[in-house]
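Residues take their numbers from the sequence shown, with the count starting at 1.
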Amino acid sequence: DHVVELSDHDRIRMQMAAAMAILSRVLIRMENLKQIRENVHLVEVGWGSDRKVLLIFGEKEVKNDEYLETLLSPRLVKVIDSYRQRARLALCRGKSTDFLFPGYRGTHKSASTFGGQLADFVFRETGIRVTPHQFRHLGGYFHLLRYPGDYASVQKMLGHRKLETTIKFYTGTMDRRAAFKKFDDHIEDRLNEAEAAEAASAKIKVKS
């Protein structure tokens with residue numbers, strides 16, 4: 001297949017897409033995202049159809065000294081592979097570096113630059129202004145919407161040392177949402193009752 005040569009702008013967009021894909025599936029901090037290195041943090045096991053890719057950070061590399069090891073999904077690996085094959089090497093700009101997201105000087109991007117680029121990328125694509133750190137916590141929120149009360153899983157995903165930290169962070173948000181949902185359900189029930197009564201009254205008038 002003919003592969004179209006990408007512009008530098010398109011390569012950066014691919015870089016942002018790969019970074020957001022990792023951030024949305026693994027929920028790591030920016031400090032770790034920017035420092036991902038090939039064959040150090042991205043570890044491949046097996047070949048062909050048996051190939052697996054893991055993202056690994058040692059205790060001393062992660063806040064709260066929490067060891068992180070995640071098996072990346074095939075969908076996420078496909079996005080990362082596409083970025084590596086089509087954009088990463090050119091973005092190294094001739095410098096020898098193993099950082100997955102290289103900066104101009106051959107090292108990794110700075111947290112402020114990378115975070116700003118990611119926030120701008122999300123805003124252009126969705127119209128929503130959200131920082132990478134906020135996006136990380138949105139992941140925990142969406143998990144709790146699907147699995148109410150499963151704070152233990154969110155604790156592991158976010159790398160909180162104590163479960164109490166996770167519960168304290170999300171309890172107010174989830175309680176408010178539950179309260180609004182109860183109120184909304186109540187209003188819906190009252191509206192349905194009123195509509196049913198109105199329909200019944202209309203039938204009686206027609207018969208009369």
S.K.: So among Leu76, Val77, Thr70, Ile80, which one has a side chain to side chain contact (heavy atoms under 4.5 Å, CB included) with Val53?
M.R.: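 Considering Leu76, Val77, Thr70, Ile80, a side chain to side chain contact (heavy atoms under 4.5 Å, CB included) with Val53 is found only for Val77.
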
S.K.: Decide yes or no on ring-ring contact (aromatic ring centres under 6.0 Å, His included) for Tyr141 and His137, but give the supporting numbers first.
M.R.: CA-CA 6 Å; Tyr141 175 72; His137 286 294; over 10 Å; no

S.K.: Are the side chain of Ser201 and the backbone N or O of Ala197 linked by a donor-acceptor pair below 3.5 Å?
M.R.: no

S.K.: List, by chain and number, the other hydrophobic cluster members for Leu71, where Ile, Leu, Val, Met, Phe, Trp and Tyr join if side-chain heavy atoms come within less than 4.5 Å, directly or indirectly.
M.R.: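 The other cluster members (ILVMFWY side chains, heavy atoms under 4.5 Å, direct or chained) are Val43, Val45, Leu54, Ile56, Tyr67.
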
S.K.: Within the supplied structure, the quantity of interest is the number of heavy atoms (other residues, nucleotides, ligands) at a distance under 6.0 Å from Arg93 CZ; does it exceed 12?
M.R.: yes

S.K.: If hydrophobic residues (ILVMFWY) are linked whenever their side-chain heavy atoms come closer than 4.5 Å, directly or via other members, who joins Val40 in its cluster?
M.R.: none

S.K.: Does Arg86 pair with Glu5 as a salt bridge, N-O distance under 4.0 Å?
M.R.: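 A salt bridge is absent here (no side-chain N lies under 4.0 Å from a carboxylate O).
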
S.K.: Walk me through it: do Glu195 and Arg190 pass the test salt bridge (charged side-chain N to carboxylate O under 4.0 Å, His left out)?
M.R.: CA-CA 9 Å; Glu195 289 176 354; Arg190 295 295 297 270; over 6 Å; no

S.K.: Using the ring-ring contact (aromatic ring centres under 6.0 Å, His included) rule, collect all pairs that involve residues 71-100, keeping only residues at least two apart or in two chains.
M.R.: Tyr83-Phe101, Phe99-His108

S.K.: Could you tell me whether Lys95 atom NZ has more than 12 heavy atoms of other residues or ligands within 6.0 Å of it?
M.R.: yes

S.K.: May I ask you to check whether Lys162 and Gln155 show a side-chain donor-acceptor distance below 3.5 Å?
M.R.: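 No pair is found: no donor N or O on one side chain lies under 3.5 Å from an acceptor on the other.
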
S.K.: Ignoring hydrogens, what is the shortest heavy-atom contact between Leu158 and Arg136? Give both atom names and the distance.
M.R.: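 Closest heavy-atom pair between Leu158 and Arg136: O-NH2, 2.6 Å.
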
S.K.: Excluding sequence neighbours, so at least two apart, what forms salt bridge (Lys or Arg N to Asp or Glu O under 4.0 Å) with Arg84?
M.R.: Glu38, Glu44, Asp81

S.K.: Counting only pairs under 3.5 Å, give me each side-chain donor-acceptor contact of residues 26-37, with atom names and distances, residues two or more places apart or in other chains.
M.R.:
{"unit_1": "Glu31", "atom_1": "OE2", "unit_2": "Lys34", "atom_2": "NZ", "d": "3.3"}
{"unit_1": "Glu31", "atom_1": "OE2", "unit_2": "Gln35", "atom_2": "NE2", "d": "3.1"}
{"unit_1": "Asn32", "atom_1": "ND2", "unit_2": "Glu61", "atom_2": "O", "d": "2.8"}
{"unit_1": "Arg37", "atom_1": "NE", "unit_2": "Asp98", "atom_2": "OD1", "d": "3.2"}
{"unit_1": "Arg37", "atom_1": "NE", "unit_2": "Asp98", "atom_2": "OD2", "d": "3.1"}
{"unit_1": "Arg37", "atom_1": "NH2", "unit_2": "Asp98", "atom_2": "OD2", "d": "3.1"}

S.K.: At their closest point, which heavy atom of Ala90 faces which heavy atom of Arg11, and how far apart are they?
M.R.: CB-NE, 3.3 Å

S.K.: Does anything in residues 110-134 pair up under salt bridge (Lys or Arg N to Asp or Glu O under 4.0 Å), and if so which pairs, sequence neighbours excluded?
M.R.: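 Checked against salt bridge (Lys or Arg N to Asp or Glu O under 4.0 Å) - neighbours excluded - the pairs reaching residues 110-134 are Arg13-Glu125, Asp120-Arg129.
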
S.K.: Working note: Leu163 + Tyr151, criterion side chain to side chain contact (heavy atoms under 4.5 Å, CB included); need CA distance, chi angles, decisive distance, verdict.
M.R.: CA-CA 7 Å; Leu163 180 60; Tyr151 293 101; 3.9 Å; yes

S.K.: Specify the closest pair of heavy atoms between Arg88 and Thr97, including all atoms of both residues, with the distance to one decimal.
M.R.: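 Answer, listing the atom of Arg88 first, then Thr97: NH2-O, 2.6 Å.
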
S.K.: Please lay out, stage by stage, how His143 and Asp150 fare under the test side-chain hydrogen bond (donor to acceptor under 3.5 Å, both in side chains).
M.R.: CA-CA 8 Å; His143 179 85; Asp150 187 17; 2.9 Å; yes

S.K.: Can you confirm whether Glu198 is buried at CD, in the sense that more than 12 heavy atoms of other residues, nucleotides or ligands lie under 6.0 Å from that atom?
M.R.: no

S.K.: From Asp8 CG over to Leu91 CG, what is the distance, rounded to the nearest 0.5 angstrom?
M.R.: 6.0 Å

